[in-house]
Amino acid sequence: MLELRQIRQDPEGIRRGIASKGEPGAEEALQAAISRDAEWRASLTELERMRAEQNSVSATIGRGVRGGNPRPEQRTELKELSQRIKGLEERVRGLEAELHEALLRVPNLPSSHVPVGRSEADNVVVRRWGEPPQFRVPPKPHWDIGRDLGLLDFERAGKISGARFSIFRGAGAALERALPTFMLKLHIERHGCVEILPPFLVNSESMLGTGNLPKFGEDAFQLRGHDLWLVPTAEVPVTNLYRDEILPPEALPIRHVAFTPCWRSEAGAAGRDTRGLIRQHQFDKVELVHFVKPEDSTAHLAEIVQDAEDVLQALGLPYQVVQMCTADLGFSQANKLDLEVWMPSYGRYVEISSCSNYTDFQARRANIRFRRSPNAQPEFVHTLNGSALAVGRCLAAVLENGQDEQGRIHLPEPLADILGQKLLS
RNA sequence: GGGGAGAUGACCGAGCGGCUGAAGGUGCUCGUCUUGAAAACGAGUAGGCGCCCGAAAGCGCCUCGUGGGUUCGAAUCCCACUCUCCCCGCCA
C-alpha cells in the first residue's frame with residue numbers, strides 16, 4: 001500500500017511509476033483512489049463538525065442533569081442530530097471502504113535505480129559464477145535421471161494427486177531433506193538468521209498483508225469452508241509475524257529463515273515446464289525474511305542475494321544474478337534480483353531464487369512499525385525476502401550438473417556429508 | 001464436542017452510563033542529587049485521521065478484542081463473532 005499523502009502530493013509521479021510496471025488495472029485503481037479520497041475527506045470534515053456539536057451539547061446536558069437542571073428540549077434536538085450523524089456515518093464508511101479497496105489494488109513503486117523495461121528481455125545480467133559443465137554425450141534431464149535411479153516418481157504422483165505433484169523416493173527423498181538441512185545450517189550459523197517454523201495455513205488477513213490478496217487469490221489454494229489458505233511461500237506467515245506491532249529500537253534488523261512447503265495453483269502456466277521438478281503445485285523452499293530500518297533496505301537486499309549465492313557456491317552450481325527491469329517486478333516489489341542456476345536439460349539458466357525489496361509497502365498493509373528511540377514516533381519498517389533456495393529446483397540442478405557418462409551422480413560435498421555417500425548410482 | 005472464566009495503553013492493573021483517552025504501578029526518556037552507579041526526588045511517556053501539500057503550532061474526530069444495537073451521551077448496558085485460559089470427553 002502506498003502512502004495516501006504521497007498520492008495526493010504527486011499523483012502524476014505515482015502514475016508514471018506504477019505505469020512502468022505494466023500491471024493491469026493499476027492506473028484505474030490509482031484514479032479510483034484519488035477521486036474516492038476527495039469525496040471521503042469532504043464528507044468526513046462535515047461528519048466531524050456534526051460530532052463536535054453533538055459532543056459539546058451532550059456535555060452541557062450532562063452537567064445540567066448533575067446539577068438537577070435537565071433541558072428536555074435539547075434532547076429532541078440532539079436526537080435528530082444523532083439520526084443525521086448516523087446517516088452521514090454510513091456514507092463516510094462506504095467511501096472509506098471504497099478508498100481502501102482501491103488503495104489495496106495500487107502496486108508498489110519501483111526503486112529509482114531499477115532499469116525501466118517492457119519485458120523480461122530488458123532484464124540485466126549482473127554477474128555470473130562458475131562454468132556450465134561440458135558433456136561428451138548429451139546430458140539427461142533430471143526427470144530421466146530421477147526415474148532411472150529410482151529417486152523421483154512422477155507417474156505415481158499423478159495417480160494419487162495429479163499433474164504437477166512429485167514423489168521423492170529413497171536417496172531422492174533423503175536429498176530433498178538434506179538440501180534444506182544444509183541451507184538452514186548455513187543461514188543460521190553464518191548469516192545470523194533466527195529460524196521460524198510457521199503454520200502452513202494462513203488466514204486472509206495475512207495474505208492481504210503481503211499483497212497476495214485481494215488481486216492474486218487465484219494463484220493460491222484456499223480451503224473450502226474455512227478462511228484459510230495454503231501458504232504460497234513462507235514469506236506470507238513470516239512477514240506477518242509482527243503484524244500490528246511496534247518493534248522496539250533494538251529489535252532491528254531482524255533476520256529470519258524458514259523452511260516450508262509452498263503451494264501454488266500455477267493458474268495461467270498451463271503447458272509451461274510440464275516435466276520434472278521445475279513447476280509444481282507443491283514444492284519445498286528455504287526463505288529468508290528481513291525486517292529493517294528504511295535506510296538499510298538497499299544494503300539488506302544485497303545481503304540476501306549474497307546469502308543465496310553462498311548456497312549455490314557451496315554446492316558448486318553455476319549461476320547468474322539478474323537485475324529485474326520494471327516490467328518484471330511483482331505487484332508488491334520495489335526491486336528484485338533473481339538467481340538463475342545452470343540447467344543442462346534446458347541448456348540455459350533457470351530461476352532458482354528471487355530476492356526482493358518491498359520497502360514499506362507490505363509494512364503499511366500489515367501495519368509493522370518500529371521506534372528509532374524509546375519515545376520516538378513509530379515508523380514503518382522495510383521488509384525484504386529471498387529464496388535461498390527453492391529446494392526442488394536445486395535438487396534438479398544437483399542431479400543434472402552432477403551427472404557423468406555412466407549415469408551416476410556426483411554429490412557436492414555438503415550433501416555427501418549429510419547423506420554419507422558421494423555417489424548416487 | 002460439552003461446561004465455565006476472561007480480553008483495558010510497551011507491561012501489570014483500576015474503572016457508579018456523563019470533565020475517564022482512561023486512576024495506580026512497572027518499564028522507558030530527561031533532569032536534580034552523586035566521583036560514578038544504585039537509591040531517592042521531579043518532569044515526561046498511546047495510536048490513527050481530518051482541517052492543510054509538507055513541517056511546526058493549533059482546533060477537532062475516532063480508538064478500551066471485532067462488528068452491530070440501546071441512549072442526548074457507552075470502556076461501562078444488550079446481541080453476535082473472534083481469540084485466550086480452566087475443567088470434562090475424544091484424539092496424533
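A, B, ... follow the sequence lines: proteins, then strands. Residue 1 opens every chain. The basis for the numbers below is simple: all heavy atoms, side chains too, and nothing from hydrogens, waters or symmetry mates. What you see is a predicted model; the values in this text were computed from it and never measured.
Checked against B/C61, B/G50, B/A10, the side chain of A/Arg371 finds its nearest nucleotide in B/A10. With B/C61, B/G73, B/G47 as the candidates, the nucleotide lying closest to the side chain of A/Ala52 is B/C61. Here the side chain of A/Gln377 is nearest to one of B/G48, B/G73, B/C61, namely B/G48. Closest contact between the side chain of A/Lys79 and the listed nucleotides B/C49, B/G68, B/U71 involves B/U71. With distances taken from any side-chain atom of A/Arg369 to the nucleotides B/G68, B/C72, B/G47, the minimum falls on B/G47. In the set B/C62, B/G47, B/G54, the nucleotide with an atom closest to the side chain of A/Gln9 is B/G54. Considering only side-chain atoms of A/Lys86, the nucleotide from B/C72, B/U71, B/G50 that sits closest is B/U71.
Looking at A/Asn203 and A/Asp227, their side chains never bring a donor and an acceptor atom within 3.5 Å of each other.
In terms of position along RNA chain B, the nucleotide closest to A/Leu44 lies nearer the 5' end than the nucleotide closest to the other residue of the pair A/Asn55 and A/Leu44.
Rounded to whole Å, atom P of B/C28 lies 21 Å from atom CZ of A/Phe370. To the nearest angstrom, P of B/G60 lies 12 Å from CD of A/Glu48.
Just one of A/Asn335, A/Asp122, A/Asp328 meets the side-chain hydrogen bond (donor to acceptor under 3.5 Å, both in side chains) condition when paired with A/Gln323; it is A/Asn335.
Taking the C1' atom of each, B/U45 and B/U26 are spaced 13 Å apart, rounded to whole Å. A gap of 29 Å separates the P atoms of B/A80 and B/G89, to the nearest Å. Between the P atoms of B/G44 and B/C51, the separation comes to 31 Å (whole Å). If you take atom P in B/G6 and the same atom in B/U76, they sit 15 Å apart, rounded to whole Å. B/A14 and B/G9 have their C1' atoms separated by 13 Å, with the value rounded to a whole Å. B/A92 and B/C28 have their P atoms separated by 48 Å, with the value rounded to a whole Å. Between B/G21 and B/G31, the two P atoms lie 33 Å apart (nearest whole Å). The P atoms of B/G73 and B/C52 are separated by 29 Å, rounded to the nearest whole Å.
Residue A/Asp10 is classed as having no contact, given no heavy-atom separation below 4.0 Å to the nucleic acid. Using a 4.0 Å heavy-atom criterion, one finds that A/Arg5 contacts the sugar-phosphate atoms exclusively. Counting any heavy atom pair closer than 4.0 Å across all strands shown, A/Pro378 reaches sugar-phosphate atoms only and no base atom.
Here A/Lys159 does not pair with A/Glu155 in a salt bridge; the nearest charged N to carboxylate O distance is not below 4.0 Å. Note on A/Arg84 versus A/Glu90: no salt bridge recorded, every NZ/NE/NH1/NH2 to OD/OE distance being 4.0 Å or above.
Remark: aromatic rings of A/Phe291 and A/Phe370 are distant, center separation not under 6.0 Å.
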